[in-house]
Amino acid sequence: MSFSVLSTDPATSARRGLLALPHGTVETPIFMPVGTQASVKTLHPAELDLLGAQIILGNTYHLWLRPGHELIRDMGGLHGFTTWRKPFLTDSGGFQVWSLAKLRKITEEGVRFANHLDGSRMMLTPELSMEIQACLGSDIAMLFDECPPYPCDEAYAAKSLALTTRWAKRCKDWVVKNEPRSGDGRQLHFGIVQGSVYADLREQSARELVDLGFDGYAIGGVSVGEPEHEMFRAIENAVPFLPQDKPRYAMGLGTPPQILEMIARGVDMFDCVMPTRVARHGVAFTLDGPVQIKNLIHAKDPRPICETAHPHVSGFSRAYLRHLFRAGEILALRLLSFHNLHFYLRLVAGAREAIASGNFPEYKDSFIRRYTSSDKP
RNA sequence: GGGUAGAUGCCCGAGUGGCUAAAGGGGGCAGACUGUAAAUCUGCUGGCUAACGCCUACGCUGGUUCGAAUCCAGCUCUGCCCA
C-alpha cells in the first residue's frame, strides 16, 4: 500500500497522509512545484531542498520534444539527468492538448501536434505518453487525457470523457505489458477524472477510472478559465466516487485560499505554476494577500516581503526587491520564486499540522479571512 | 571667423502644410497570470474635467497661409569640417 491516511478532520473532508514513492515518502496534503523542463524555473535544486519541497513535476510533452525521452533514459532517468533526488511526478502531455489547442488535432488514436519549437508534426498517443514517462523514470506518471476547454457543452464533454476513459484503458494496458519496474521501485499511475462542469459526467468518469484501478486519481479539466465555484463543484462532484485509500490530486490548482478549500474537500495533492510564474512577474504572496512588489508604494519600505518569509529571503527589504525588479536583475525572479514556493509549502505544512491537531477548519478560515481582507499593513 | 548639419513630449526618435496632443522605442504608473510556447502579456503615460470640451505644446521671435512641428526671415544653442 503506497498511500496511507494518518488522520482525518472530523468537520471537513480534509485528511493527512503519507505517500510512499520510489524516491521518498511524501506527506500529504502537499504542494508540488512545477518544473516543466525538469527544472523549477530559476531555482537550484538545493534551494528546493532548503524550502522543503518533497516532490516536483516534469512534463512529458516538453521533455519528449527536448532533449528527448531516450536521452533522459540513457542519462539515468530524470533523477540521473538532474540532481533532484526526491520524487518526480510527470504530467502526460494531456494538458498541452488544451493549452496548445491551435496547433493540434485530436483523433481516436491520439493527438497530432505541430510542435511549438519548430512546427514539425508529431503524434502523441496514450501508449507513447506512458512509454515516455517510463523512460523519464518519474515516481508518478499521469495518464494521457483530453482536457476539454471551458465552456464546453455536455455532448462534447461526454464524448471527450469517453475518449479519456478509452485512453486510460490503453495506458493501463501498455503499463501492464511493458512496465519493467515492480515492487517498491514501481512507477505509480494516476487516472484523471474529466467531465467538465457536469456532475453526472464527473461521477461517471471517476467510476470508470476506479473500475480500471489506478494508484491515485486526479481531477483534471479545472483551472481552464471556469469561475471558481465551478472549480469547487468539479472537485465536489468527483471526490465522493474516489476511494478513500488512494491519493487525490487536483491538477493545476490553485490560489492559496483555493488550496485550503480543496484540502477541505478531500484533495491531497496540488500543483500550480502560479507561485513561480507570478513571482517572475513581480508578485509575492503574503499572509495579507498578493503584493505587487514593483509598485511605487514599496519604494522606501524597509520591511521584509512577509513576516513568515524564509531566512533565505527575509533579510531583503521590499525596497530592495522592488529595485531588483525595476533593474531587471535575475536575483529578483529567484528570490520571489523561492519565497512564493515557501509560502505555498508552508501553507500545506500548516494544513497538515492543523489536521493532525484537529483544528483545520480554524486554520483555513483564519488564513482566508486575513488573506482576503482589504486592509494591507 | 567661414561652411555645414541639427534643435520634437521625462529620454531617444519618426514626422516636411490640414487626417497631429504628434508614429515607434525606452523610462514611468497600474493590471493580468491557476496540470508553464510566459524573466511574459495588456492598459495608461502634457494640463484641467465625471464627461462634452477647453488650454498649453515640436529651440526663441516675427512672418506667409483659411490652416504651420512642417514654408520664410532673424536670433540662440549644439555637433562636425575648414581657418
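Labels below follow one simple rule: chain letters A, B, ... track the order of the sequence lines, proteins then strands, and each chain is numbered from 1.
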**Residues that A/Phe31 engages under ring pair (Phe, Tyr, Trp, His ring centres under 6.0 Å), provided they are two or more places apart** = A/Tyr344
**Item:** Under the ring pair (Phe, Tyr, Trp, His ring centres under 6.0 Å) test, residues paired with A/Phe316 that sit two or more places apart
**Value:** A/Tyr320
**Contact under 4.0 Å: A/Arg334 side-chain N or O vs B/A39 OP1/OP2** = no
**Complete:** Using Watson-Crick geometry (N1-N3 plus N6-O4 or O6-N4) or G-U wobble (N1-O2, O6-N3), each under 3.5 Å, B/U40 is paired with B/A32
**Request:** Determine the Euclidean distance between corresponding C1' atoms of B/G59 and B/U45; express it in Å to zero decimal places.
**Result:** 24 Å
Only pairs under 3.5 Å count here: list side-chain donor-acceptor contacts from residues 128-143 of chain A, not counting sequence neighbours, and write none if there are none.
residue	atom	partner	partner atom	Å
A/Ser129	OG	A/Ser92	O	2.8
A/Ser129	OG	A/Gln133	NE2	3.1
A/Gln133	OE1	A/Thr90	OG1	2.8
A/Gln133	OE1	A/Met142	N	3.0
A/Gln133	NE2	A/Ser129	O	3.4
A/Gln133	NE2	A/Met142	O	2.8
A/Ser138	OG	A/Thr90	OG1	2.6
A/Ser138	OG	A/Ile140	O	3.3
A/Ser138	OG	A/Gln187	NE2	2.9
A/Asp139	OD1	A/His23	ND1	3.2
A/Asp139	OD1	A/Phe88	N	2.8
A/Asp139	OD2	A/His23	N	2.8
A/Asp139	OD2	A/His23	ND1	2.9

**Prompt:** Taking the P atom of each, how far is B/U64 from B/C19, in whole Å?
**Reply:** 22 Å
**Complete:** Hits for ring pair (Phe, Tyr, Trp, His ring centres under 6.0 Å) against A/His339, two or more places apart or cross-chain, chain-then-number order -> none
**Item:** Spacing of the C1' atoms in B/A83 and B/G62 (rounded, Å)
**Value:** 34 Å
**Message:** For the backbone of A/Ser196 and the side chain of A/Arg202, can you confirm whether one donor and one acceptor N or O come within less than 3.5 Å of each other?
**Reply:** yes
**Prompt:** Taking a pair as Watson-Crick or G-U wobble with both distances under 3.5 Å, which nucleotide is matched to B/G6?
**Reply:** B/C77
**Item:** A/Ile55 side chain reached by A/Leu19 side chain, heavy atoms, under 4.5 Å
**Value:** no
**Item:** C1' spacing across the pair B/A38 / B/A32, given as an integer number of angstrom
**Value:** 12 Å
**Prompt:** Across all strands shown, which nucleotide pairs with B/A69 by Watson-Crick or G-U wobble geometry, both distances under 3.5 Å?
**Reply:** none
**Request:** Pick the C1' atom in B/G13 and in B/A69, then give their distance to the nearest Å.
**Result:** 14 Å
**Request:** Could you work out the separation of B/U65 and B/U70 based on their C1' atoms and round it to a whole Å?
**Result:** 13 Å
**Asked** Say you pick atom P in B/U16 and the same atom in B/C33; how far apart are they, in whole Å?
**Response** 43 Å
**Fill in**
A correct 5'-to-3' footprint of nucleotides 30-37 of chain B, with B, S and - meaning base, sugar-phosphate only and no protein heavy atom under 4.0 Å, is SSBBBBBB
**Message:** Please name the nucleotide paired to B/U64 by Watson-Crick or G-U wobble geometry with both distances under 3.5 Å, or report none.
**Reply:** none
Would you list the atom pairs, donor with acceptor, under 3.5 Å between side chains in residues 254-269 of chain A and any protein atom, with sequence neighbours excluded?
residue	atom	partner	partner atom	Å
A/Thr255	OG1	A/Gln258	N	3.3
A/Thr255	OG1	A/Gln258	OE1	3.4
A/Gln258	OE1	A/Thr255	N	2.9
A/Gln258	NE2	A/Glu228	OE2	2.8
A/Glu261	OE1	A/Arg265	NH1	3.0
A/Glu261	OE1	A/Lys364	NZ	3.2
A/Glu261	OE2	A/Lys364	NZ	3.4
A/Arg265	NE	A/Glu236	OE2	2.7
A/Arg265	NH1	A/Glu261	O	3.0
A/Arg265	NH2	A/Glu236	OE2	3.1
A/Asp268	OD1	A/Arg15	NE	2.8
A/Asp268	OD2	A/Arg15	NE	3.2
A/Asp268	OD2	A/Arg15	NH2	2.8
A/Asp268	OD2	A/Arg248	N	2.8

**Message:** Can you check the distance between B/G46 and B/A57, where both ends of the measurement are the C1' atom (answer in whole Å)?
**Reply:** 7 Å
